[in-house]
Structure formats: structure tokens, C-alpha cells
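These notes concern the structure reproduced below.
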There are 4 protein chains.
Amino acid sequence: MEKDKIVSSVKDQELIKMRRDQMIKGAITLFKEKGFHRTTTREIAKASGFSIGTLYEYIRTKEDILFLTCDAIYDQVRERVESAFDLEHPSRENLINVMKSYFYLMDELQEEILILYQEVKSLKKETRKYVLQKEQDMVRMLEKVIVNCVPEPLTKKEVSLIANNIFIEGHMWGFRRWILQKQFTLDEYIELQITMLLKMLPGEHESLRKGGN
Amino acid sequence: MEKDKIVSSVKDQELIKMRRDQMIKGAITLFKEKGFHRTTTREIAKASGFSIGTLYEYIRTKEDILFLTCDAIYDQVRERVESAFDLEHPSRENLINVMKSYFYLMDELQEEILILYQEVKSLKKETRKYVLQKEQDMVRMLEKVIVNCVPEPLTKKEVSLIANNIFIEGHMWGFRRWILQKQFTLDEYIELQITMLLKMLPGEHESLRKGGN
Amino acid sequence: MEKDKIVSSVKDQELIKMRRDQMIKGAITLFKEKGFHRTTTREIAKASGFSIGTLYEYIRTKEDILFLTCDAIYDQVRERVESAFDLEHPSRENLINVMKSYFYLMDELQEEILILYQEVKSLKKETRKYVLQKEQDMVRMLEKVIVNCVPEPLTKKEVSLIANNIFIEGHMWGFRRWILQKQFTLDEYIELQITMLLKMLPGEHESLRKGGN
Amino acid sequence: MEKDKIVSSVKDQELIKMRRDQMIKGAITLFKEKGFHRTTTREIAKASGFSIGTLYEYIRTKEDILFLTCDAIYDQVRERVESAFDLEHPSRENLINVMKSYFYLMDELQEEILILYQEVKSLKKETRKYVLQKEQDMVRMLEKVIVNCVPEPLTKKEVSLIANNIFIEGHMWGFRRWILQKQFTLDEYIELQITMLLKMLPGEHESLRKGGN
DNA sequence: GATGAATGAGAGTTCATTCAT
DNA sequence: AATGAATGAACTCTCATTCAT
């Protein structure tokens with residue numbers, strides 16, 4: 001994993017993992033609240049439960065923390081998605097279930113996703129690329145589900161676009177919450193997005209409303 | 001307009017407008033490149049063609065510049081949209097034209113839109129609200145076009161959701177360009193998004209592909 | 001007068017006097033409130049009723065304003081003292097009257113005196129000397145009154161010390177007002193100070209309490 | 001003590017005391033020379049023997065330094081006064097000794113006292129009040145000495161006024177030194193002030209000139 | 001491995017002063 | 001004579017980073 005490229009003067013790998021997890025947890029809390037730039041390394045150290053000196057034993061620059069954080073957020077998303085998605089049993093039903101899981105997840109992780117939208121740009125080119133790759137992996141999973149679950153054929157481009165649309169519709173629920181969440185409950189939002197999607201997909205237009213949550 | 005709330009020690013209103021325009025232009029260039037936080041007021045002054053002292057004759061804090069900039073970006077969007085949208089002649093054709101104009105515009109203003117996504121959060125609550133209102137106005141216009149152009153009735157919520165979807169699909173072209181623009185040309189992207197949309201709208205499913213640009 | 005050494009690019013002497021008077025009036029108001037250093041030249045210009053550009057037509061540096069102001073305060077003191085003191089008719093009665101006038105004056109000019117105490121140090125050596133000379137003139141007047149009014153002889157040093165004591169007892173009423181003015185009314189303060197003084201002066205110890213106010 | 005309200009990001013209390021002492025020492029030197037406003041925080045840091053960053057580890061604002069300084073000056077005065085005053089053995093002799101000690105002290109601390117006169121006004125209301133309270137404590141001590149040492153009774157107001165007079169006569173030696181110190185040696189000044197005072201106090205008028213220094 | 005005091009470059013902001021109009 | 005926009009040196013304060021203990 002790329003994250004191993006972040007050097008630490010500590011040797012014990014387990015300790016590194018533990019300290020970095022603390023650090024990420026503290027950082028996420030703070031970034032949600034005030035963003036990366038307005039958060040100081042001292043604050044992160046404090047929120048992580050150790051001293052500023054210790055913080056710098058496990059990273060080299062403040063940007064490392066941002067990277068670790070973004071990385072962790074995507075790992076979290078992937079982990080959750082993977083455990084929820086049943087990629088083995090293709091069916092329209094399944095597509096609906098996947099979308100529901102995905103939207104629920106995005107609801108839970110609203111603020112974390114916001115961090116990605118706002119701060120990824122502050123990463124160095126190389127690390128940014130790495131993080132964005134993870135994002136793309138996520139889209140690929142959606143593509144796979146679509147391909148598997150929709151009987152009649154779609155072009156590659158169609159699949160990709162649909163996947164991307166679903167992807168950001170999940171994010172939108174969070175980053176436009178101030179307006180969307182006034183108009184819709186989460187369930188309404190999900191149901192309506194799914195309905196819309198199904199209308200545009202080829203195939204019979206019945207059998208919705210069954211993939212329970 | 002709210003922007004009058006930003007105090008300037010200079011009295012000549014025309015001069016204020018001129019200097020602030022220079023300032024916004026300089027700021028946008030820099031914000032595109034390095035974001036708000038990594039840009040210094042001195043750099044903005046320089047890019048605007050005047051001294052740091054002069055800069056502060058026209059604003060009070062660095063955040064004022066961010067506000068002015070966000071505000072200007074939305075004004076620009078609205079202005080362009082208003083002049084392009086023919087809200088008088090409702091027709092499916094027209095809806096297509098509006099979407100095309102909108103997507104083209106979003107292509108042009110990719111980086112400006114990115115600024116909004118990344119920096120609006122840094123605004124104070126009150127100013128943020130003001131800026132987000134402008135965003136919402138934009139969505140309302142899309143809603144109107146949809147209502148006018150689609151013969152068969154849609155519920156309010158459907159209209160709103162469709163408008164929001166179109167809205168961020170426009171943004172997505174910019175903020176996910178590193179992936180989308182590898183797979184699609186702008187025209188392909190637009191055409192496909194429009195096709196998808198039309199499929200989901202009620203009414204005859206023919207007569208696309210004609211609203212030339 | 002030394003104040004002519006302050007150069008003005010304006011020629012008309014009357015105009016200079018008028019503008020400088022406005023300036024001093026504005027400056028005193030502001031200095032009372034926030035002191036010399038916390039007051040900006042712009043504020044002084046505004047309080048004086050003209051523009052910053054005009055301000056600088058009548059002085060050369062901000063310190064000039066301080067000098068003019070201190071100078072004016074002393075002129076005001078002297079003027080008032082001279083008109084109130086009857087130096088021609090020496091008598092114990094007269095000494096009492098002079099002291100009363102002086103204390104009343106110091107009560108009126110409390111804040112102006114405070115300015116002197118706080119800001120004279122900010123003057124350049126040469127101008128400071130000039131201002132302090134005026135202060136000394138004031139003490140000399142008190143000395144004269146003492147010499148004239150006290151029948152039995154005092155040494156020069158005694159006279160000087162008594163004059164200096166009276167002088168600062170007047171100031172003290174202002175600069176220690178937060179404590180003195182809680183304990184004494186002005187009239188009590190004056191009466192008590194005079195009583196004390198008379199006790200220490202040689203000569204009959206009667207005939208006080210008559211020099212009405 | 002109020003000074004604990006000034007926050008430091010350093011935790012070690014002894015270190016805080018040490019660094020602040022350095023800081024106060026540096027600040028006093030500079031304030032004597034050029035006053036608070038003309039002294040920069042960098043200069044203070046330098047004079048204190050550490051960097052600007054370190055300075056700000058021990059205070060939060062420049063005004064904190066002024067407060068600390070004023071506070072320290074008064075502590076110094078009190079400490080010295082307390083150790084010199086023999087409040088246990090009331091006698092006219094003792095009053096004389098106390099006054100002598102006080103005047104000698106004021107001679108030593110001339111410039112420090114000047115700082116108080118000139119800069120206390122720059123403190124925030126609350127801190128100013130605190131500092132002025134210390135001043136008042138000093139006056140109270142003088143009152144006590146007077147009450148204890150003078151056999152025949154004086155009214156409360158008389159005592160208070162005499163104490164205040166002595167108090168500022170001590171200061172006057174410093175802030176009017178340019179004139180007083182030309183006319184008097186310190187010992188002359190003290191002797192004369194004491195003589196004057198005794199003349200005004202009730203009781204036998206002999207037995208001066210003996211309370212050695 | 002952990003700590004936290006020390007550092008100083010660099011940030012935002014102010015304001016006395018000038019000068020073209 | 002009056003104006004006020006322009007200037008930039010200088011100020012206070014912050015914070016990522018280091019390193020001796």
C-alpha cells in the first residue's frame with residue numbers, strides 16, 4: 001500500500017498502525033469541523049491523545065495527515081461497500097439493493113465525503129492521484145453491478161456514465177444537504193433516485209419497490 | 001446586493017467596482033492554481049496589479065475576497081445562463097438546448113466551479129448562506145425549464161430531483177474531469193446525459209438528436 | 001512662538017490658525033478617548049472636518065499634531081490661570097483664591113492634563129523641552145503667588161517645593177480620580193488641601209474659610 | 001493572583017516564571033527608553049533573550065506583556081516597601097523612616113513609575129483596575145503608618161489625603177525630575193518634604209532630623 | 001518512544017505619508 | 001487649497017517543524 005511510503009521514525013509496525021488510527025480519528029473530527037487548513041497540527045495531536053512531538057514521530061508533514069485521512073475515508077467506504085454488495089447474484093433486485101446500501105452509506109459518511117471534496121486538492125499531485133484512484137475503484141464496482149444486473153446490453157460508455165451519475169448522486173445527498181434534506185427524507189430521496197434510474201434502464205419496468213432495506 | 005456590505009475606505013463607487021473586478025480576476029487565477037488558503041493577500045494584490053495597501057482599501061479581510069470571488073462566479077453563471085436560456089418557448093427541443101448551453105457553460109467554468117466546491121465552506125455562515133442561495137436560484141431555473149418543456153406532469157419532487165441531478169452532472173464534468181474527460185468528449189458527454197434524461201422523462205421517446213448547438 | 005517652526009505648505013496665516021485649531025480640537029477629543037498612539041491621522045482629519053490630504057497641508061508628521069495639542073493645552077491652562085489670578089493684591093486671602101481657581105481649573109481640564117502626562121514623552125527631545133518649559137512657567141506663577149502672599153519669609157527652596165506640591169496636587173485630582181473622587185467632593189478636596197497647606201505655612205493660623213468660591 | 005489568568009502554552013510553571021521574568025526585564029528596559037507603543041514584540045523577544053515564537057508561548061498578546069510589566073513593577077514596590085516599613089513600632093520617628101525609605105525607593109524606581117503613569121491607560125479596563133488596585137494598596141499602607149505614628153487624631157479624610165500627597169510626592173521626584181533634580185539633591189528633597197509634612201501634622205514640632213536613613 | 005519548549009519564516013493587516021488631480 | 005487613492009514598511013501573531021531531554 002502507498003501509505004507505507006509515509007515514513008515514520010518508529011519501527012514497530014503495529015504501533016504505527018495504532019497511532020495513525022488515533023491520528024486519523026482525531027483529524028477527521030477536526031477536519032469536519034474546520035477543514036484541513038484551519039486545523040493545526042497541535043490540535044490534531046491533542047485530539048489524537050498524544051503530544052505534538054509524538055505526532056511527528058509517525059508522519060513527516062501535515063500533508064501526510066491529510067493523505068492518511070483521505071486514504072482512510074476511502075478505505076472505510078470500500079470496506080463497507082464490499083461487505084454490503086453481493087456481486088455474485090446479479091438481478092435487478094440486487095442492483096436496487098446495492099444502490100440502497102450505497103446511498104445509506106453516503107448518508108452516514110456525509111461529512112467525510114465533504115472532506116474529500118474540499119481537501120483532496122491540497123494533496124501533492126502524486127498522492128492525489130493515488131487517492132483519486134480509489135475513488136475510481138468505487139465507480140468500477142458500481143459499473144460491475146450495473147453490467148451484471150441489467151439483462152439487456154448497454155454500451156461501455158453508458159454503463160460508465162450511469163455509474164458516475166449514481167456515484168455523485170450519493171455524494172450530492174451530503175454536499176447539497178442544506179437544500180435536499182429540506183425537501184426529501186433519506187428514504188424518499190433513495191426511492192426517487194432509484195425509480196428514475198430504472199426508468200432509463202432498458203427492460204421491463206415493473207418489480208421495483210421490493211428490495212427492502 | 002449583499003456585496004455592498006463589504007466596506008471599502010474608497011468612496012468612488014465606479015472605482016470600487018473596477019478595482020474589485022481586477023481583484024476578483026487575480027484571485028480566481030490564483031485560487032484555481034493553489035486554492036484560497038495557499039494564496040496570500042500579497043499575491044492577490046500583485047496579480048490584481050496593485051499594492052497590498054491598495055488591496056486593503058477595497059476590502060477588510062481576506063475572507064472578503066473569497067466572498068467577492070464566489071459571488072462573482074455565480075453572477076457570471078447566472079448571467080450566462082439567463083442570456084442563453086429561452087424560457088419563453090417551452091418545448092422538448094428547448095429543454096435540450098438549455099441543457100446543452102448549461103453543460104457547455106460548465107465546461108468553460110470548470111475551475112471556477114471547483115473553487116466554489118472547495119472554498120465556500122471557508123465563508124462565514126452568513127455569507128455562505130448568501131452564496132448558496134444563488135446556487136439554489138440556478139437550480140430553480142432548471143426546474144422551470146423542466147416544468148415548461150415536459151408535457152406530461154411530474155410531481156414537484158420529481159422536478160426538483162431531476163433539476164438537481166442535471167445541476168451536479170454539469171459540475172461533475174469539471175470536478176471529475178480527470179476520469180470523465182478521458183472517456184468522453186464534451187459532446188459525447190452532453191449527448192449521453194441528455195439521452196439518459198429523456199429516457200426517464202414521460203412522453204414520446206423520439207425526436208432527440210436535433211437541438212443543434 | 002515655537003509652534004511657528006511647524007511648517008505648513010499653506011501660506012495664509014489665518015487659515016493655518018483656523019485649521020490647526022480645528023485639528024487640535026479633534027485631536028484632543030480623540031486623545032482623551034484612546035490616546036495618541038491608538039488614534040490615526042485619518043481619524044484626526046475626520047474629526048477635524050477635513051480630508052487627510054488637507055491635514056497634511058498644515059503639518060508634516062503625526063507628531064506635529066501631538067506637539068500642537070500639548071502646546072494648546074498649556075496655553076489654555078495659562079490663559080485661564082492668568083485671567084483668574086490676581087497677582088497684584090498679595091494677601092493670604094488671595095493665595096487661597098488662587099489655589100481654588102487652580103484646582104477648579106484642573107478639575108475641568110482633567111483629561112487634557114492626562115494627555116500631557118501620558119503623551120509628552122512621545123515628543124522629540126526638543127519639542128518636549130519646549131512643552132515642559134510651559135509647565136515650569138505655571139509653577140513659577142504659583143511660586144510668585146506664594147512669595148507675595150505669605151508674610152514671613154520662606155527659603156527659595158521651600159517656595160519651590162510648595163509650588164510644585166500644589167501643582168501636582170491639582171493634577172492628582174485628575175489622574176487619581178478613580179480613587180480620590182470616590183472619597184471627596186471637589187470642594188472637600190480643595191478645602192482640605194488648602195487647610196493642610198496653610199497649616200504648614202508660617203504666620204497666624206486663623207482667617208481661613210473665607211475666600212468664597 | 002490575576003497574573004495566572006494570562007495563558008501560556010507552556011506548562012512548566014517554573015519555566016513560565018523564569019521566562020516571564022526575563023521578558024519583564026527586557027520589556028522594562030525598552031519601555032523606559034521608548035514607551036510601550038514604540039517597542040515592538042520582536043524587540044522585546046530579543047531583549048529577553050529568546051525568539052519571537054518563544055515570546056508568544058508565554059503570553060497571548062502584546063498587551064499581556066504590558067500587564068505583566070505593570071504588575072511586576074508594583075510587586076517590586078510593595079515587596080521593597082513591606083520589607084522596609086516597620087509597621088510594628090509606631091512613632092513619629094518611624095513615620096519619618098518610612099517616608100525616607102519610600103522616597104529612596106521612588107528615586108530608584110523613577111523610570112518604572114513613569115511607565116505606569118504613561119502606559120496603564122493602554123490596559124484593558126479589567127486589567128487596569130487590577131493594577132490600580134495595587135497602587136491603592138500602597139496608599140493604604142501609608143495611611144496605616146500615619147495613623148499609627150501620629151498621636152493626636154486625624155479624620156479619616158485627612159489621613160487619606162496626606163497619604164495620597166506623600167504617595168505622589170514620591171512619584172513627582174521621578175516624573176518631574178528634569179526640574180526638581182536640578183534644584184534639589186535627593187536628600188534635600190526628602191528632608192524638605194518631611195519637614196513640611198511634620199509642620200502640618202498635629203503634635204510637638206521638635207525632634208526631627210534624627211531618623212537616619 | 002515520548003515529550004513539549006524553542007524556533008522563525010511568513011501570514012494578515014494597519015497606517016503615516018505622498019502626490020496627481 | 002483641497003482631495004482621497006495609492007503606497008509599502010512595519011506591525012502583531014501563528015504554526016509547522018525540530019531536537020534536546
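All values below come from the heavy atoms of this structure, side chains included, with hydrogens, waters and symmetry mates left out. Letters A, B, ... are given to chains in the order of the sequence lines, protein chains preceding strands, and every chain is numbered from 1. Just so it is clear, the model here is predicted, and its values are computed rather than measured.
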Taking the side chain as everything from C-beta on, heavy atoms only, tell me whether Arg128(B) gets closer than 4.5 Å to Leu132(B). yes
Would you check if Thr127(C) and Glu63(C) make a side-chain contact, meaning some heavy-atom pair closer than 4.5 Å? yes
Which parts of residues 50-65 of chain A get close to DNA chain F, meaning a heavy atom less than 4.0 angstrom away? Ile52(A), Tyr56(A), Thr61(A), Lys62(A)
Would you kindly give the CD-to-C1' distance between Glu14(C) and dA1(F), to the nearest whole Å? 15 Å
Nearest-angstrom distance from the residue atom CD1 of Ile16(C) to C1' of dA1(F): 11 Å
One should report the stems of DNA chain F, each a stretch of at least three consecutive Watson-Crick or G-U pairs at distances under 3.5 Å, as E:2-21 with F:2-21
Using heavy-atom distances to pick each residue's nearest nucleotide on DNA chain F, tell me which of Phe36(D) and Lys11(C) is more 5'. Lys11(C)
Mapping Thr40(D) and Arg19(C) to their closest nucleotides on DNA chain F, which lands nearer the 5' end? Arg19(C)
Please confirm whether Lys62(B) makes a cation-pi placement over Phe36(B), using NZ or CZ under 6.0 Å from the six-membered ring centre and within 45° of the ring normal. yes
Regarding Ser8(A), tell me which of base, sugar-phosphate or nothing describes its non-hydrogen contacts under 4.0 Å with the strands shown. nothing
Using whole Å, what does the distance between atom P of nucleotide dT3(E) and atom NZ of Lys46(A) come to? 14 Å
Rounded to whole Å, the CG-C1' distance (Asp12(B) to dG4(F)) equals 10 Å
5'-most contact on DNA chain E (nearest-nucleotide basis), Arg38(C) vs Arg42(D), goes to Arg42(D)
For Leu66(B) and Phe31(B), the nearest pair of non-hydrogen atoms, with its separation, is CD1-CE1, 4.1 Å
Side chain of Ser48(B), backbone of Gly26(B): donor and acceptor closer than 3.5 Å? no
Can you tell me how far P of dT12(F) sits from CE of Met23(D), to the nearest Å? 14 Å
Check: Tyr74(C)/Glu135(C) side-chain N/O donor and acceptor closer than 3.5 Å: yes
Of all heavy-atom pairs between Ile115(A) and Ile28(A), which one has the smallest distance, and what is that distance? CD1-O, 4.0 Å
Got Cys70(A) and Lys134(A) here, is their nearest side-chain heavy-atom distance under 4.5 Å? no
For the residue pair Lys17(D) and Tyr58(D), would you count it as a cation-pi contact if the rule is NZ or CZ under 6.0 angstrom from the ring centre and within 45 degrees of the ring axis? no
To the nearest Å, give me how far apart CD1 (Ile44(A)) and C1' (dC15(F)) are. 12 Å
Expressed in angstrom and rounded to an integer, what is the separation of Leu66(A) atom CG from dA16(F) atom C1'? 15 Å
Under 4.0 Å between a side-chain N or O of Thr41(A) and OP1 or OP2 of dC15(F)? no
